[in-house]
There are 2 protein chains.
Amino acid sequence: MGTPQLTKNQSLVMGALAHSEGPMSAYTILDKLRDQGFRAPLQVYRALDKLLEYGLVHRLESLNAFVACTCPHEHEHDRGVTAFTICEGCGQVTEFHDAAIEDRLSALVRAQSFKTEKTTIEIRGHCKSCAA
Amino acid sequence: MGTPQLTKNQSLVMGALAHSEGPMSAYTILDKLRDQGFRAPLQVYRALDKLLEYGLVHRLESLNAFVACTCPHEHEHDRGVTAFTICEGCGQVTEFHDAAIEDRLSALVRAQSFKTEKTTIEIRGHCKSCAA
DNA sequence: ATCGCACACGTTATAGCATAACGCAATTGA
DNA sequence: TCAATTGCGTTATGCTATAACGTGTGCGAT
Ligand SMILES: [Zn+2]
Ligand SMILES: [Zn+2]
Ligand SMILES: [Zn+2]
Ligand SMILES: [Zn+2]
């Protein structure tokens, strides 16, 4: 249950994200891959679906955009919440993980008898360089 | 700097959200308000912008939808992170707040010298009633 | 009074994000 | 050989959000 071999389209999308400075929307990825034969949004979305499933890519909900995971090994043991800081100035995204937050969230949610499937934590603001 | 008197459009949108069982997209709100004279998305989005500013409404990023705040008084003192559980089964959304999570997130972010402007925490899953 | 400004509003058009539905080809395993 | 599965390509469509323009109203400064 490791990561399967990527198909051609999946590799192209993964490569585009991995070499990008920051997050990219599906349509931005499409534009970057036109020269490699991409013609339609679904080619991108289908590849992204798999890459998300494999944990190689994250979706940023507050941006409708995608980033390459910066520590894919962390996600092999499935448990674990991923959080992001997102700079409004330069677009830089930093992924981080914290057990204390996981534990606390997990306790609060259990108190509601709620069963978690996916947790989104995104912090918008300004990074050190971009702070006023 | 309390909440100003709402305009007609703002009141209508607020009313629609307040009387709704769960979150609604801007276009769903538009449809509900056609009988009151709403004709275009901008009428909804402009009202929502103000309601968000006043803290009467929250945007759910992972749903592209909006909910009425269940504890507007909490937001009067500006500080405070809002978190949500969102049931995939029945659509129920529960808003909650927790100082421990705020403090921990704040410390982690400070360690990056990151300046937070808005924090999104959304937990997708199944509520007690909808759990398998 | 009237000018200037801020703000809410209405309308049309457009941009940006995501999926439905069809068909084809290659792979796999019974 | 015959399903069943998976990936792929294409066209069309639907959902979400904003740009750009103009109108009207209230209100303080001159
Ligand atoms: Zn990751
Ligand atoms: Zn920055
Ligand atoms: Zn609230
Ligand atoms: Zn439920």
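The chains referred to below are lettered A, B, ... by the order of the sequence lines, with proteins before strands, and numbering in each begins at 1.
For A:Y27 against A:P41, the heavy-atom pair with the smallest separation is OH-CG, 3.3 Å.
The side chain of A:Q43 contributes no N or O atom lying less than 4.0 Å from OP1 or OP2 of D:dC8. Distances shown here put a side-chain N or O of A:T7 below 4.0 Å from the OP1 or OP2 atom of D:dC8. Within the structure, every side-chain polar atom (N or O) of B:K8 is placed at least 4.0 Å from both OP1 and OP2 of C:dC9.
A donor-acceptor contact closer than 3.5 angstrom is absent between the side chains of B:E61 and A:T120.
Here the P atom of nucleotide D:dA17 and the CG atom of A:L63 are 13 Å apart, to the nearest Å. The interatomic distance linking B:L30 (CG) with D:dG14 (P) rounds to 16 Å, in whole Å. The distance between atom CD of A:Q10 and atom C1' of D:dC8, rounded to the nearest whole Å, is 11 Å. In this entry the distance linking CD of B:E53 with C1' of C:dC7 reads 12 Å, nearest Å. Across the protein-nucleic acid pair, B:N9 atom CG and D:dT25 atom P stand 16 Å apart, rounded to whole Å. Between the CZ atom of A:F38 and the C1' atom of D:dG7 there is a distance of 12 Å, rounded to whole Å. Going from atom CG of B:L6 over to atom C1' of C:dC7 covers 15 Å, rounded to whole Å. The interatomic distance linking A:I29 (CD1) with C:dC17 (C1') rounds to 12 Å, in whole Å.
Side chain of B:H97 to backbone of B:A83: no donor-acceptor contact under 3.5 angstrom is found. Under the 3.5 Å distance criterion, the side-chain polar atoms of B:Q10 are matched with a main-chain donor or acceptor of B:T7.
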Worked check of ring pair (Phe, Tyr, Trp, His ring centres under 6.0 Å) between B:F66 and B:H58: CA-CA 6 Å; B:F66 304 84; B:H58 297 289; over 10 Å; no
side-chain contact (heavy atoms from CB on, under 4.5 Å) assessment of A:I121 paired with A:V81: CA-CA 8 Å; A:I121 303 181; A:V81 175; 3.8 Å; yes
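The salt bridge (charged side-chain N to carboxylate O under 4.0 Å, His left out) analysis of residues 117-132 of chain B, with sequence neighbours excluded, yields the pairs B:E88-B:R124.
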Sugar-phosphate or base contact per nucleotide [nucleotides 18-24 of chain C; S, B, -; heavy atom under 4.0 Å]: BBBB---
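Side-chain atoms of B:A40 lie closest to C:dT11 of the nucleotides D:dC8, C:dT11, C:dC9.
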